[in-house]
Participant: 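Got a structure here, written out as structure tokens. Questions coming.
Source: prediction; values computed, not measured. Counting starts at 1 for both ligands and their atoms, in listed order.
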Amino acid sequence: MLLRNIRAPQAFSGKLRTLNSIREKTMPRTLRTLAIAACVAALHAAPALAQNAPEVTLTRIDCGTGAKPTLVAERFTDTFAYSKDLALTFTFSCYLIKHGSEYMVWDTGFAPGSNPNAPKVGIVDRLKELNVTPDQVKYVGISHFHQDHTGQLLPFGKATLLIGKGDWDGITANPPMQGANALGFTPWTKEGGKLEALATDKDVFGDGSVVVLRTPGHTPGHQSLLVRLKEKGPVILIGDLTHFRENYEGGGVPWFNFDRAQTVASLERIKKMASNLNATVIIQHDLRDIGKLPAFPAAAK
Ligand SMILES: [Zn+2]
């Protein structure tokens, strides 16, 4: 049961098959138990970066800028952590990950022209500048179902959607959960698009280089993304786990989050992971984090 329920990174699946064939033959019960325990322990370990992983690059694409600063004390702290006049201008970020010859998009920002914060140039036109068409994108992963992260999903209807199960349940509920941009998901809810509603982490390309991380709290199925780059090192795109640096550092939680305890636990997970991997954490809405990646059209390698 356990073995079947765990999604094995490709590096381990060979071991699994070998183990299964041994088990079917003559392995004594105790040995068999030990072998299964060892295998389960291996599967629980974070996927290591495979030596032969193809080159991976990460490009930030601008997907909107706040038309005016947000007074964060009003809605972004449930403990009155900030003075009334602390105002931050939010940015809205999309990302392109190239893995060998395959592409993944992470978050799609606002649709151009949809509101005063929306980008002037849409993601499809930005991809064109990189000689990438939406049909070349194999995976579209989202941190969560809010409009400012899913406003340009429609062009990627042929890609496999990687969405947290809690968010998928929220979109497909009748009526959809408050704040869920259900209309943006039409290719998958109404037109049979391929999707994976993830209840656990997902090693996207099977070599540990790009891993969707389960970080619920902001929404029920909120996710982050670990991208391991050869030159720059690991990068973690944290969606709306926090919206700005002060909340990341101080463990602050906005009053409107779905679940406070889950948010705190997810933040603890990411902070520990970042420290263990010596990773660069990117707060997607924080203007001060834009400079952590090269300016478009350059990519981090
Ligand atoms: Zn959000």
Participant: With sequence neighbours excluded, give me every ring-ring contact (aromatic ring centres under 6.0 Å, His included) pair touching residues 271-292.
Facilitator: Phe90-His285, Phe92-His285, His149-His285, His243-His285
Participant: Is Glu129 salt-bridged to Arg126, going by a charged N under 4.0 Å from an acidic O?
Facilitator: yes
Participant: Examine His149 and say whether one of its N/O/S atoms is closer to the Zn ion (ligand 1) than 2.8 Å.
Facilitator: no
Participant: Under 3.5 Å, side-chain donor or acceptor atoms of residues 293-301 against the rest of the protein: list the pairs with distances, not counting sequence neighbours.
Facilitator:
none

Participant: Could you tell me whether any N, O or S atom belonging to His243 is less than 2.8 Å from the Zn ion (ligand 1)?
Facilitator: no
Participant: From the N, O or S atoms in Asp240, identify the one nearest to the Zn ion (ligand 1).
Facilitator: OD2
Participant: Under a 3.5 Å cutoff, is there a donor and acceptor pairing between the side chains of Ser224 and Thr215?
Facilitator: yes
Participant: Is there an N/O/S atom in His146 that lies less than 2.8 Å from the Zn ion (ligand 1)?
Facilitator: yes
Participant: Could you check which N/O/S atom of His218 is closest to the Zn ion (ligand 1)?
Facilitator: NE2
Participant: Kindly state whether the ring of Phe76 and the ring of Phe256 have centres lying under 6.0 angstrom apart.
Facilitator: yes
